[in-house]
Each structure stands twice: as C-alpha cells, then as structure tokens.
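Remarks on the structure that follows.
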Amino acid sequence: DVYVQVCTSGEESKSGCEPGEAVGIAQHISERCPALRLAGLMTIGKLDDPDPAPYFRALKDQRRAVAQALGVEEQALGLSMGMSSDFLPLMNPSLGRGPPPRAEDGGP
C-alpha cells in the first residue's frame, strides 16, 4: 500500500508533489504499478500554523479529484493528515471528521 504525499503548504522544506500533480501520480500508480496499491493521500500542514484546516481541506479536495479520475469512491482512499498536535483541529465538523472539540479537550 502506498500514499501519495502532497505538499499542501507550499513550503520548500516539505517533500511531496504539488496539489495539481496528485491526480497524474495516482493514475500512474494505478495503471502502471501492479505491485502497488494506492491507499490514499498524505500531507503535513505548515509548521507552527495554529490553523491546519486549509492544508487538510486542500488534501480532501485532491482526494475528491483523484477518486473521480480513478472512478472510485472517495472513502476508498485514505487520508493521512498532519502530526499528532493537529488532532483537535481535524475534529472540526467543517472538515467532515467528527464532532467539534470539547472545551475540556482544549477546544473553544
């Protein structure tokens, strides 16, 4: 299983393809690499940005585009987003990832 790393933050210090390249790479893996199974997409948000949501939203958009290009359901492709410290922001309902953070967990 492989994940395509997408540099959603635009930082030169991060590895990964540009968002616009994700579909082509995913198609290449699916069509020309029979020993590999495309499991999904991954990214790390911008270091020290208190709001990682834009980077993760960009990855969700790329997953939608890849799924459409490959003719699969979006949920068939996993997402690996961020570091452990990004967990609570990922729980934001606008990202479709579950309930909002509770105050006792460090949320608003």
Side-chain angles (χ1 to χ4, degrees):
D1 288 356
V2 297
Y3 277 70
V4 172
Q5 184 169 339
V6 182
C7 182
T8 57
S9 69
E11 295 173 280
E12 290 185 20
S13 62
K14 298 262 174 44
S15 296
C17 69
E18 295 295 319
E21 300 171 325
V23 169
I25 292 170
Q27 287 174 318
H28 179 85
I29 292 168
S30 294
E31 296 168 5
R32 297 178 184 243
C33 301
L36 301 178
R37 185 185 79 84
L38 179 65
L41 305 176
M42 61 184 282
T43 196
I44 299 173
K46 190 172 186 178
L47 184 63
D48 295 328
D49 190 329
D51 182 17
Y55 314 111
F56 302 143
R57 201 170 294 113
L59 192 67
K60 279 188 69 177
D61 292 344
Q62 289 304 305
R63 177 177 69 172
R64 185 175 305 113
V66 168
Q68 184 176 14
L70 298 181
V72 300
E73 295 290 323
E74 282 184 52
Q75 282 64 34
L77 299 171
L79 292 175
S80 176
M81 301 192 284
M83 306 301 282
S84 298
S85 62
D86 295 322
F87 176 72
L88 284 176
L90 280 175
M91 296 303 291
N92 184 323
S94 69
L95 291 173
R97 299 290 296 170
R102 301 177 304 170
E104 59 267 28
D105 293 332

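We use all heavy atoms of the structure for the numbers below, so side chains are in, but hydrogens, waters and symmetry mates are not.
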Original post:
Taking the side chain as C-beta and beyond, is there a heavy-atom pair between Leu38 and Val66 under 4.5 Å?
Top reply: yes
Do you know which two heavy atoms are closest between [X] and [Y], and how far apart they sit?
{"X": "Gln27", "Y": "Ala69", "answer": "NE2-CB, 3.7 Å"}
{"X": "Cys7", "Y": "Ser15", "answer": "CB-O, 3.8 Å"}
{"X": "Asp1", "Y": "Arg37", "answer": "OD1-NE, 2.9 Å"}
{"X": "Gly45", "Y": "Ser9", "answer": "C-CB, 4.3 Å"}
{"X": "Ala39", "Y": "Tyr3", "answer": "CB-CE1, 3.5 Å"}

Original post:
Any chain of hydrophobic side-chain contacts (each under 4.5 Å) joining Ile29 to Leu59?
Top reply: yes
**OP:** Verify the cluster assignment for Val4 and Leu36: are they in a single hydrophobic cluster under the rule of side-chain heavy atoms below 4.5 Å apart?
**Re:** yes
**OP:** For Lys14, check salt bridge (Lys or Arg N to Asp or Glu O under 4.0 Å) against everything at least two apart and list the hits.
**Re:** Glu11
Atom pair [atom1]/[atom2] of [X] and [Y] - distance to nearest 0.5 Å:
{"X": "Thr43", "Y": "Gln5", "atom1": "OG1", "atom2": "CD", "value": "7.0 Å"}
{"X": "Thr8", "Y": "Phe56", "atom1": "OG1", "atom2": "CZ", "value": "7.0 Å"}
{"X": "Leu41", "Y": "Met81", "atom1": "CG", "atom2": "CE", "value": "10.0 Å"}

Original post:
Within a reach of under 6.0 Å around CD of Gln75, are more than 12 heavy atoms found that belong to other residues, nucleotides or ligands?
Top reply: yes
Subject >> side chain to side chain contact (heavy atoms under 4.5 Å, CB included) partner of Ser30, the single match among Val72, Leu70, Ile25 >> reply: Leu70
Original post:
Is it true that a side-chain atom of Arg63 and a backbone atom of Leu77 form a donor plus acceptor pair closer than 3.5 Å?
Top reply: yes
Subject >> Under the side-chain hydrogen bond (donor to acceptor under 3.5 Å, both in side chains) test, residues paired with Gln68 that sit two or more places apart >> reply: none
